[in-house]
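Since the structure comes first, as structure tokens, the remarks are kept for the end.
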Amino acid sequence: QVQLVESGGGLVQAGDSLRLSCVVSGRTGGAMGWFRQAPGKEREFAAAITGSGRFTSYEDSVKGRFTISRDNAKNTVFLQMSSLKPEDTAVYYCAARGFMTTSTLPKDYDYWGQGTHVTVSS
């Protein structure tokens, strides 16, 4: 059984940094993604990384501020978030897919974590 468990969310002020972690059990490899869902809005893509970790992709609003990385030896994916803004406030979800290439579409991911809350105050 595949399980994804996120951690690292919290309440921070604008300009602060946070690092989210996602531990994957039950499978290895495959592309991973971070998505986020703000209150009253649909889930949206934030960042993704290929199975090898060589290639990454980002949503435009987080480019230059967020960095996705993975440690395959520990089955863990990270999202380092810097220069946080109030509009980054959302529940952040980790997701895994069976292919090595990334996707920006939630429907392309097979497994999801329970989410971790990030609140950025102004």
Side-chain angles (χ1 to χ4, degrees):
Q1 183 177 358
V2 178
Q3 286 190 319
L4 286 70
V5 179
E6 303 101 333
S7 62
L11 171 63
V12 297
Q13 293 186 331
D16 286 350
S17 299
L18 272 179
R19 189 176 82 154
L20 306 183
S21 300
C22 173
V23 178
V24 184
S25 60
R27 69 183 292 272
T28 58
M32 299 289 296
W34 284 97
F35 291 78
R36 61 186 184 180
Q37 187 165 16
K41 295 188 177 181
E42 292 189 355
R43 192 169 300 188
E44 67 173 12
F45 170 75
I49 188 167
T50 57
S52 67
R54 290 184 61 194
F55 300 101
T56 57
S57 59
Y58 299 92
E59 194 269 332
D60 286 346
S61 69
V62 308
K63 282 181 181 177
R65 300 188 299 120
F66 291 11
T67 302
I68 188 171
S69 61
R70 66 190 297 164
D71 183 340
N72 285 342
K74 297 182 179 180
N75 288 336
T76 304
V77 179
F78 305 97
L79 186 66
Q80 178 67 48
M81 305 186 294
S82 303
S83 302
L84 283 163
K85 305 175 181 179
E87 51 264 43
D88 294 319
T89 295
V91 178
Y92 283 71
Y93 297 92
C94 174
R97 67 191 304 248
F99 295 93
M100 298 297 280
T101 54
T102 61
S103 172
T104 64
L105 302 176
K107 69 178 182 66
D108 290 337
Y109 290 79
D110 304 303
Y111 304 100
W112 292 83
Q114 80 289 350
T116 184
H117 290 256
V118 172
T119 302
V120 184
S121 63
S122 57

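Tracing side-chain contacts under 4.5 Å through hydrophobic residues (I, L, V, M, F, W, Y), one reaches Tyr111 starting from Leu79; they form part of the same cluster. Under a hydrophobic clustering in which Ile, Leu, Val, Met, Phe, Trp and Tyr are joined whenever their side-chain heavy atoms come within less than 4.5 Å, directly or via other members, Phe45 and Trp112 fall into the same cluster.
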Are Val77 and Arg70 close enough, and set up right, to give a side chain to side chain contact (heavy atoms under 4.5 Å, CB included), and what steps lead you there?
-> CA-CA 4 Å; Val77 179; Arg70 66 190 297 164; 4.1 Å; yes

Give the intermediate values and the outcome of side chain to side chain contact (heavy atoms under 4.5 Å, CB included) for residues Thr101 and Phe55.
-> CA-CA 9 Å; Thr101 54; Phe55 300 101; over 6 Å; no

Side chain to side chain contact (heavy atoms under 4.5 Å, CB included) evaluation trace for Ile49 with Trp34 | CA-CA 9 Å; Ile49 188 167; Trp34 284 97; over 6 Å; no

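By the 4.0 Å N-to-carboxylate-O rule, Asp60 lies close enough to Lys63 to be salt-bridged with it.
Remark: Ser82 OG to Leu18 CG distance equals 9.5 Å, nearest 0.5 Å. In this structure, CZ on Arg36 lies 9.0 Å from OG1 on Thr89, to the nearest 0.5 angstrom. How far OH of Tyr109 is from CE of Met32: 9.0 Å, rounded to the nearest 0.5 Å. With rounding to the nearest 0.5 angstrom, the CZ atom of Phe78 is 13.0 Å from the OG1 atom of Thr67. Taking CD from Gln37 and NE2 from His117, the interatomic distance works out to 10.5 Å, rounded to the nearest 0.5 Å. Residue Ile68 holds its CD1 atom at 7.5 Å from OG of Ser57, rounded to the nearest 0.5 Å.
Ring-plane geometry between Tyr92 and Phe66 is classed as tilted, the angle between the planes lying from 30 to 60 degrees on a 0 to 90 degree scale.
Between Ser121 and Pro86, the closest heavy-atom pair is C-CG, 4.5 Å. Between Ala48 and Ser103, the shortest heavy-atom contact is CB-O, 4.3 Å. Considering every non-hydrogen atom in both Ala38 and Ala90, the closest pair reads N-CB, 3.8 Å. Nearest heavy atom pair, residue Ser17 against residue Gln80, reads CB-NE2, 3.9 Å.
Counting only heavy atoms from C-beta outward, the side chains of Leu20 and Val118 approach each other to under 4.5 Å. Side-chain contact check for Met81 versus Val12: every heavy-atom pair is 4.5 Å or farther apart.
Judged by distance alone, the side chain of Glu6 and the main-chain N or O of Cys94 form a donor-acceptor pair under 3.5 Å. A distance-only check finds no donor-acceptor pair linking the side chain of Gln114 to the backbone of Val5 [under 3.5 Å]. When atom types are taken as modelled, the side chain of Asp108 and the backbone of Thr102 share no donor-acceptor pair closer than 3.5 angstrom.
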